[in-house]
Amino acid sequence: MQELIQKIEQWAEDRNIIKGSTPIDQAMKLFSEFGELSDHVGDNELSKIPDDVGDIFVVLTIISKQFGKSIEVPNELHADHQTLKSNVLWLGFSLTDTFTDTWSFHDNFDPSDSIHILNKIAELIGTDLESCVKLAYEDIKDRKGVLIDGVFIKESNPAYAKAIKSLEENFSVEDSK
């Protein structure tokens with residue numbers, strides 16, 4: 001799992017997502033992904049849930065990196081909630097608690113409760129957290145583009161070359177300081 005986390009971090013670095021967005025930008029993405037999970041659970045679209053779980057984990061990994069932390073996945077992953085819907089509800093509470101504490105105390109960012117619940121959600125649909133994260137990573141790993149001023153510019157966009165040049169110029173200026 002650690003190797004997968006490192007690949008996600010590198011993927012985000014390569015696309016300027018770590019430095020090109022803020023934790024608030026990523027929190028918005030996180031809650032968007034949580035909304036997709038909630039919709040799929042509510043609509044009983046169980047086949048879409050593994051990707052949703054993985055997507056949430058990917059965003060938590062990015063936010064952790066933005067706070068200068070490495071995401072930790074405990075060996076023992078368990079949550080006490082017994083139904084899928086109650087776990088999704090508790091995940092929402094956990095994510096909200098994580099960010100309520102974080103905005104006041106950046107050193108307190110700790111997604112471990114959310115990771116426990118994500119694992120339970122995966123178990124309840126017959127899979128595991130690592131499989132969900134692999135699925136999400138396989139879905140994003142070949143996406144090319146770069147984040148500039150909070151906007152993801154795809155490689156196919158004519159503005160991509162200009163964005164890359166701008167990033168390279170900014171990095172060389174920062175390196176010379």
Side-chain angles (χ1 to χ4, degrees), residues 1-42 45-141 147:
M1 187 73 150
Q2 281 308 121
E3 181 180 333
L4 194 51
I5 291 168
Q6 290 170 347
K7 286 180 179 181
I8 293 165
E9 290 172 342
Q10 188 61 56
W11 174 86
E13 289 278 353
D14 292 346
R15 285 149 186 82
N16 195 43
I17 296 172
I18 305 292
K19 292 182 180 176
S21 68
T22 66
I24 281 187
D25 295 331
Q26 290 305 304
M28 299 304 291
K29 180 67 173 167
L30 180 69
F31 284 102
S32 171
E33 298 293 354
F34 174 74
E36 288 182 27
L37 171 65
S38 298
D39 288 345
H40 293 142
V41 169
E45 295 181 89
L46 301 183
S47 66
K48 295 182 178 181
I49 294 171
D51 187 55
D52 297 334
V53 167
D55 288 345
I56 290 169
F57 187 92
V58 166
V59 180
L60 286 171
T61 301
I62 291 168
I63 295 168
S64 293
K65 187 73 171 173
Q66 286 179 317
F67 284 127
K69 297 182 175 194
S70 213
I71 200 158
E72 300 290 328
V73 179
N75 291 333
E76 297 273 330
L77 285 171
H78 57 80
D80 295 330
H81 319 296
Q82 298 304 309
T83 68
L84 188 56
K85 288 181 180 178
S86 66
N87 273 280
V88 171
L89 181 63
W90 280 106
L91 178 61
F93 294 152
S94 174
L95 293 172
T96 302
D97 285 348
T98 297
F99 285 98
T100 301
D101 293 341
T102 298
W103 299 133
S104 301
F105 312 101
H106 295 293
D107 291 339
N108 288 349
F109 183 76
D110 181 6
S112 59
D113 287 345
S114 298
I115 293 169
H116 284 270
I117 298 168
L118 284 171
N119 185 67
K120 181 66 174 188
I121 291 169
E123 286 177 359
L124 286 168
I125 59 166
T127 189
D128 60 76
L129 181 60
E130 187 169 356
S131 296
C132 294
V133 176
K134 282 180 184 175
L135 178 67
Y137 179 72
E138 287 299 316
D139 190 39
I140 65 170
K141 72 178 175 127
L147 194 70

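Since the structure is predicted, the reported quantities are computational estimates derived from the model, not experimental observations. The first residue in the sequence is number 1, and the count goes up from there.
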Inset, instruction - Report the C-alpha separation of Ser94 and Asp97 in whole Å, then their side-chain angles, then the decisive distance to 0.1 Å, and conclude whether the side chain to side chain donor-acceptor pair (under 3.5 Å) test is met. - result: CA-CA 5 Å; Ser94 174; Asp97 285 348; over 6 Å; no
If I compare all heavy atoms of [X] with all of [Y], which pair ends up nearest, and what's the gap?
| X | Y | answer |
| --- | --- | --- |
| Ser114 | Leu95 | OG-CD2, 3.4 Å |
| Ile18 | Gln66 | O-NE2, 3.1 Å |
| Ser112 | Asp110 | OG-OD1, 2.9 Å |
| Val53 | Cys132 | CG1-CB, 3.8 Å |

Legend entry - Within 6.0 angstrom of Met28 CE, more than 12 heavy atoms from elsewhere: no
Between [atom1] on residue [X] and [atom2] on residue [Y], distance to nearest 0.5 Å:
| X | Y | atom1 | atom2 | result |
| --- | --- | --- | --- | --- |
| Ile17 | Asp25 | CD1 | CG | 11.0 Å |
| Gln10 | Glu13 | CD | CD | 6.5 Å |
| Asp113 | Trp90 | CG | CH2 | 10.5 Å |
| Thr61 | Trp11 | OG1 | CH2 | 11.0 Å |
| Ser21 | Arg15 | OG | CZ | 13.5 Å |
| Lys120 | Leu84 | NZ | CG | 10.5 Å |

Legend entry - Side chains of Leu37 and Asp55 in contact at under 4.5 Å (non-hydrogen atoms): no
Inset, instruction - Report yes if the side chains of Tyr137 and Val58 come closer than 4.5 Å at any heavy-atom pair, otherwise no. - result: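 No; the side chains remain at least 4.5 Å from each other.
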Legend entry - Charged N-O contact under 4.0 Å between Lys134 and Glu138: no
Legend entry - Test side chain to side chain contact (heavy atoms under 4.5 Å, CB included) applied to Leu135 and Asp139, step by step: CA-CA 6 Å; Leu135 178 67; Asp139 190 39; 6.0 Å; no
Inset, instruction - Evaluate side chain to side chain donor-acceptor pair (under 3.5 Å) for Gln2 paired with Ser70, printing each intermediate quantity in order. - result: CA-CA 10 Å; Gln2 281 308 121; Ser70 213; 4.8 Å; no
Legend entry - Test applied, side chain to side chain contact (heavy atoms under 4.5 Å, CB included); reference residue, Leu118; option that passes from Val73, Leu129, Asp52, Asn87: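 Exactly one option meets the side chain to side chain contact (heavy atoms under 4.5 Å, CB included) with Leu118, and it is Leu129.
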Legend entry - Name of the residue among Leu124, Ile121, Val88 meeting side chain to side chain contact (heavy atoms under 4.5 Å, CB included) with Ile49: Ile121
Inset, instruction - Step by step, work out the side chain to side chain contact (heavy atoms under 4.5 Å, CB included) result for Ile115 and Phe57. - result: CA-CA 7 Å; Ile115 293 169; Phe57 187 92; 4.2 Å; yes
Legend entry - Distance-only side-chain donor-acceptor flag, Glu9 / Ser64, under 3.5 Å: no
